[in-house]
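Structure record follows, encoded as structure tokens.
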Amino acid sequence: MDFSVPSEVCIIGGAGHVGLPLALAFAKSGKSVLIYDINEESLRRIAAGEVPFMEDGAEELLPEVLASGRLQLSSDPARVADAETVIITIGTPVDEFLNPVFKLIRNCIDTLLPHLRDGQLLVLRSTVYPGTTDWLARHLNDHGRNLLISFCPERVVQGKALEEIQKLPQLISGVTDEARDKAAKLFSAVAPEVVYLEPIEAEFAKLFNNAYRYIEFAIANEFYMIMRAAGVDYNRVLEGMSKNYPRAKNIPKPGFAAGPCLFKDTMQLSAFSNNRFSLGHSAMLVNEGLVLHIVDEIGNSQKLENLTVGLLGMAFKADNDDTRSSLSYKLKKVLEFRAKRVLTTDPHVTTDSELLALEEVIEKSDLLILCVPHSSYKGLDLKGKEVVDIWGFFNKKAEGSTPALNTVTTVSGLPLSGVQHVG
Ligand SMILES: NC(=O)c1ccc[n+]([C@@H]2O[C@H](COP(=O)([O-])OP(=O)(O)OC[C@H]3O[C@@H](n4cnc5c(N)ncnc54)[C@H](O)[C@@H]3O)[C@@H](O)[C@H]2O)c1
């Protein structure tokens, strides 16, 4: 689908998790938007009114903006020339040595270079390695180009982008005042508040937001593992220590901390600081190590090689269909070596041909592991099967009910050696 009408905003990587909700939000605000992406299949699905991944509210909004004529799609880089503003949502992954892979963004820019126009506002929206915005300005300058360069990071939580774009303050930075002011005007159309930083400050702010979150999850997971070693039910401890105690109310529950952003961004900071981001490294060891801890615990009390293990939930987080960097797959890999058989299921994931129906996995497994607490698992009939539940999900009480701190709750289903229960 390729019209040739100039658009106000062109989103590079506009068919992705960051690009598409942003395109929809701008189109909803009345702007004409062009999605430019190299993934033809995603473009085809979006043009047909189909959202290629789970994103709250997008399925309703997409047909609306398509019908309005304000959303165009193209895989032709030449179309970028028409737009007043170009927003880049291509990320910087880390490689097998945990170093940033800068060439994706560089290659993307170099493809666009012949089509970028002097005077255009060029916004970096993806999470970038510190210094990328200034590099971009120098790179364009070296090619004799004169664009307005800005960095305005996306900070929404995946799956809730449409809601959060309208609720969260937008960090705004520009290489020049003119770039900053134009970017602020643009994002004021969708965000409730803008916050000004210098480009390097905004780059670090985004990475710190994610690394902080990753470390928070690691503390929860480490507390959990300490309690397992002591034979104490951590979810009861957490409930007790945070009940009506404001300074503990934000401690997360233990669980798999995964996905395409937190690990990667923590490792970018580590690479930036010559591998001296010690808390970031420790968080990585704890969060990734939780998978190994679970396998070891099972192996210490049962003959894993005789067990068929069923994994419930393969997405990287609850109520989502995205499997990128999901720790469920790391667990699967480890268990495929140690257990007799591994069966997997997920109600949302559509990209894995090995997934089985939930009932079949429960039926055929000797032991179940809850990898991701999807809402649809609430009240699930586990047919009396033993279940490892680090999240405390199957033991959750109804909201508002009195915490039963005297009750022995077996959170994981694993034998708790030397259990010391409060009360
Ligand atoms: N997923 C999130 O919720 C989230 C939140 C905040 C920040 N981020 C950051 O945003 C960036 C993008 O993440 P994402 O989750 O949207 O990734 P994604 O893989 O879902 O989307 C990237 C899109 O870019 C397209 N693409 C890749 N190379 C291209 C090129 N050269 N030209 C045109 N299109 C190209 C892909 O086809 C894809 O549609 C990353 O830096 C990520 O860390 C993601």
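All ligand and atom numbering here is 1-based and tracks the order in the structure. Model, not experiment: these values are computed from the prediction.
Aromatic ring centres of F316 and F263 lie farther apart than the 6.0 Å criterion allows. Two rings, from F208 and F204, have their centers less than 6.0 Å apart.
Annotation: ring-ring contact (aromatic ring centres under 6.0 Å, His included) contacts involving residues 318-365, sequence neighbours excluded, comprise H348-H374. For residues 67-97, no residue pair satisfies the ring-ring contact (aromatic ring centres under 6.0 Å, His included) rule, not counting sequence neighbours.
Ring geometry for F26 against F187 counts as tilted: the plane angle lies between 30° and 60°, on a 0 to 90° scale.
Of the N and O atoms on the side chains of Q72 and R79, at least one donor lies less than 3.5 Å from an acceptor on the other residue. In this model, a donor atom of one side chain and an acceptor atom of the other lie less than 3.5 Å apart for D110 and H139. Side-chain atoms of S173 and E198 form no donor-acceptor pair, as typed in the model, at a separation below 3.5 Å.
Here atom 34 (N) of ligand 1 lies nearest to I38 when heavy atoms of I38, N209, L104 are compared. Taking all heavy atoms of E55, E164, Q158, R125 into account, the minimum distance to atom 2 (C) of ligand 1 is reached by Q158. Of the candidates G91, P77, A15, G19, G91 brings a heavy atom nearest to atom 41 (O) of ligand 1.
Crowding of K317 atom NZ: a count of heavy atoms from other residues, nucleotides or ligands under 6.0 Å exceeding 12.
The shortest contact between atom 43 (O) of ligand 1 and any protein heavy atom is with K264 NZ, 2.7 Å. The nearest heavy-atom contact from the protein to atom 35 (C) of ligand 1 is I90 CD1, 3.2 Å. Considering only non-hydrogen protein atoms, atom 6 (C) of ligand 1 sits nearest to E154 O, 3.4 Å. The nearest protein atom to atom 36 (C) of ligand 1, hydrogens excluded, is given as D37 OD1, 3.4 Å; this is a heavy-atom distance. Closest protein heavy atom to atom 20 (O) of ligand 1: H17 ND1, 2.5 Å. For atom 10 (O) of ligand 1, the nearest protein heavy atom (residue, atom name, distance) is V18 CG2, 3.3 Å. The closest protein non-hydrogen atom to atom 22 (C) of ligand 1 is G16 CA, 4.2 Å. Nearest non-hydrogen protein atom to atom 31 (N) of ligand 1 is C108 CB, 3.7 Å.
Contact annotation for T89 and ligand 1: only backbone heavy atoms (N, CA, C, O) come within less than 4.0 Å of the ligand.
Ligand 1 does not have S42 within reach: every non-hydrogen atom of the residue lies 4.0 Å or more from it. At least one heavy atom of R324 sits under 4.0 Å from some atom of ligand 1. Using 4.0 Å as the threshold, R155 has no heavy atom nearer than that to any atom of ligand 1.
Without hydrogens or angle criteria, T176 side chain to A179 main chain gives a donor-acceptor distance under 3.5 Å. K249 places no side-chain N or O within 3.5 Å of a backbone atom of K243 that could act as its donor or acceptor partner.
Heavy-atom proximity to V156, at under 4.0 Å, picks out these atoms of ligand 1: 5 (C). Of all atoms in ligand 1, listed by their number and element, those nearer than 4.0 Å to a heavy atom of K206 are 6 (C), 7 (C). Which parts of ligand 1 touch C261 is read off a 4.0 Å heavy-atom cut-off, strictly below it: atoms 4 (C), 8 (N), 42 (C), 43 (O), 44 (C).
Here the side chains of D322 and H17 are in contact, with some heavy-atom distance below 4.5 Å.
The N/O atoms of T127, backbone and side chain alike, include one that comes under 3.5 Å of an N/O atom in ligand 1.
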